[in-house]
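These numbers come from the heavy atoms of this one structure, side chains and all, not from hydrogens, waters or symmetry mates. Counting starts at 1 for both ligands and their atoms, in listed order. For reference, positions follow the sequence shown, starting with 1.
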Amino acid sequence: MESRLSIANPIRTNAIIKKFNLRAKKNLGQNFLTNEQAINGIVEAAKLIDTDTVIEIGPGIGALTEKLAQKAGRVYAFEIDSTLLPVLDDTLSQYNNIEIINQDILKVNLVEFIKEKNISGSIKVVANLPYYITTPILLGLLDEEIEFDKMVLMMQKEVAERITATPGHREFGSLTITIQSRMDSQISLMIGKNSFFPRPKVDSAVVTLSKMKTNKYEIENFAKFNKFVRACFAQKRKSLWNNLLNLLGRTDEQKAKISNAFEQINVETNVRAEQLSINKIKELFDLLDI
Ligand code: SAM
C-alpha cells in the first residue's frame, strides 16, 4: 500500500521518516517537498523527454528524483548527506536509471563528470536546492564550460526575484546580469512554506533558465564580463561612475575615458548600475575595453 503513494505524499514521507528514524538537518538545508503538485510543476517546467539526462542536486529522500526518473533517460543525483543513502536505496529501488552520487556538489567538476559519463543528448539540471548555498551552486553551474539545455531550480523567493529582475528595480544586480547574460530566465512557480516538511521560514519559487538561441549580448569572455559587472555593483548605493573609478583608478585619464564612454551610451554621470539595461552595461564594457 505504502509504495503505491508518491514519495512526496505526506503519508508516505511520514512513513519514510519514521522507518529510517530521520531528522531533517537544518544545516544542510533539508526541507523535503511534500506537495505533489509542486513536484509535477517542476517536472513540467523541465520539459523532459526520454533522451534527456538530468543532474539533480540534493535528492533528499527522493521525492523529486522519482518523478524525474519517470520522464528522463537517466538521472544523476548528488547528495552530500550519507545518512540518506540507505533511504534512497529503499525509496528508489524500482528505478534502474538513477545513480546517486554521495558528493558535495560544490566540489564536483561537472565538466569532467559529463565527459566520464559520456553523456549525449540534452543535459538538464533540476533541483530543489539547498538554499544556504544557492548562489555558489548557480555560479558554479554557469562557470562550467557546459551548456545546459535547461535548469529548473527551486530556491528562496527573494533570490528568484533577483535572478529575474528587470532594470530599474532594487533587485536588479550583478547576480541578475551574470545569469541573464547567459540564459533566458523566468519564474515558473511560486511555492508556499506549507509544501515542505519541515516547514521552512521562507517562501520559495521555481526559476527556469533556458539556453539562449543566440549569444544575445555577444559576450566573448564571460569571466571577464562578470568581473566587470561585479565591479559596477560593488557599492550599490554609489553611482556607477564612482564604482568604475574604483575599478579603473582615479586618474584624469581614466575619468576622461569613463566620461567619454558615458556620453557615447547616452547616460548621465550620476546613474546607478541598476538603472542600466544589460545591453548598455555590455556597451560600456566594450567601450572601456577592460
Ligand atoms: N530534493 C529533495 C526534495 O525536494 O524533497 C530535498 C531537497 S532539500 C531542500 C536539499 C537537499 O540538498 C538535501 O537533501 C541536502 O542534504 C542536500 N544538500 C545540501 N548541501 C549539499 C551539497 N553541498 N551537495 C549536495 N547536496 C547537498
Side-chain angles (χ1 to χ4, degrees), residues 5-17 20 22-46 48 54-72 75-92 95 98-110 113 124-141 144 151-157 159-160 188-207:
L5 296 174
S6 299
I7 298 170
N9 183 296
I11 297 172
R12 177 94 190 275
T13 297
N14 233 330
I16 295 166
I17 285 176
F20 289 91
L22 286 177
R23 215 160 281 177
K25 296 185 176 117
K26 251 196 191 166
N27 64 326
L28 291 180
Q30 289 181 356
N31 297 95
F32 304 122
L33 263 169
T34 53
N35 176 340
E36 287 180 73
Q37 258 180 326
I39 292 191
N40 292 338
I42 295 172
V43 175
E44 249 165 57
L48 295 173
V54 172
I55 292 179
E56 191 194 8
I57 298 158
I61 60 171
L64 176 59
T65 323
E66 74 169 344
K67 303 283 181 190
L68 296 171
Q70 287 164 8
K71 294 264 159 97
V75 180
Y76 295 104
F78 292 91
E79 176 54 66
I80 196 171
D81 184 0
S82 53
T83 63
L84 291 174
L85 300 184
V87 183
L88 290 162
D89 241 8
D90 183 69
T91 57
L92 302 173
Y95 299 95
I98 300 174
E99 190 180 324
I100 305 288
I101 300 136
N102 184 205
Q103 271 186 45
D104 176 348
I105 190 65
L106 294 180
K107 294 192 178 139
V108 177
N109 181 333
L110 283 174
F113 179 81
K124 297 174 177 174
V125 182
V126 186
N128 170 14
L129 292 174
Y131 294 0
Y132 72 106
I133 43 172
T134 299
T135 308
I137 290 179
L138 273 169
L139 296 179
L141 292 170
E144 306 281 355
M151 298 193 212
V152 181
L153 306 171
M154 169 129 78
M155 60 190 72
Q156 187 175 333
K157 191 178 119 220
V159 183
S188 298
L189 223 58
M190 292 290 195
I191 298 178
K193 303 178 179 95
N194 290 333
S195 296
F196 302 86
F197 179 82
R199 193 175 186 268
K201 288 207 175 80
V202 295
D203 284 317
S204 300
V206 176
V207 171

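The closest approach between any non-hydrogen atom of Y132 and ligand 1 is below 4.0 Å. The shortest heavy-atom distance from I61 to ligand 1 is not under 4.0 Å. Proximity of Q103 to ligand 1 is established by a heavy-atom distance of less than 4.0 Å.
Separation of atoms CD (Q30) and CG (N128) is listed at 11.0 Å; rounding is to 0.5 Å. Rounded to the nearest 0.5 angstrom, L85 CG and I101 CD1 are separated by 11.0 Å. Atoms CG and CG, on L189 and N35 in that order, are 8.5 Å from each other to the nearest 0.5 Å.
Residue G58 holds the heavy atom nearest to atom 6 (C) of ligand 1 of all those in G58, S82, P136. Remark: among candidates G29, G60, G62, A8, the nearest residue to atom 8 (S) of ligand 1 is G29, based on non-hydrogen atoms. Of the options T13, I105, L129, I137, the smallest heavy-atom separation from atom 24 (N) of ligand 1 is shown by I105. Considering each of M154, Q30, E79, K25, the one bringing a non-hydrogen atom nearest atom 14 (O) of ligand 1 is E79. Distances from atom 27 (C) of ligand 1 to the heavy atoms of T65, I80, N31 put I80 nearest.
The neighbour count for K26 NZ, taken as heavy atoms of other residues, nucleotides or ligands under 6.0 Å away, does not exceed 12. Within 6.0 Å of CD on Q37 lie no more than 12 heavy atoms contributed by other residues, nucleotides or ligands. In this structure, I11 places its CD1 atom where only 12 or fewer heavy-atom neighbours from other residues, nucleotides or ligands lie under 6.0 Å away.
Side chain of N102 to backbone of E79: a donor-acceptor contact under 3.5 angstrom is found. The closest donor-acceptor contact from the side chain of K71 to the backbone of V43 lies at 3.5 Å or more, if one exists at all.
K67 and E36 make their closest contact through NZ-OE1, 4.3 Å (heavy atoms, listed as atom of the first residue, atom of the second, distance). Listed here is the closest heavy atom pair of P198 and N31: O-ND2, 2.8 Å. The shortest non-hydrogen separation linking F196 to S204 is CZ-OG, 3.6 Å.
Residue contact check: F32 has heavy atoms under 4.0 Å from atoms 5 (O), 6 (C) of ligand 1. Ligand-side atoms of ligand 1 in range of D104: 22 (C), 23 (N), 24 (N), range being under 4.0 angstrom from any heavy atom. Ligand 1 places these atoms under 4.0 Å from at least one heavy atom of E56: 1 (N). Remark: ligand 1 atoms within the under-4.0 Å shell around heavy atoms of L33 are 3 (C), 4 (O), 5 (O).
Residue contacts with ligand 1, taken as heavy atom pairs separated by less than 4.0 Å, involve F78 solely via the backbone atoms N, CA, C and O. If you look at P59 next to ligand 1, the close heavy atoms, those under 4.0 Å, all belong to the backbone.
The protein heavy-atom contact nearest to atom 3 (C) of ligand 1 is N128 ND2, 3.5 Å. Summary of contacts: the protein heavy atom closest to atom 19 (C) of ligand 1 is L28 O, 3.1 Å.
For ligand 1, none of its N or O atoms has an N or O atom of I57 under 3.5 Å away.
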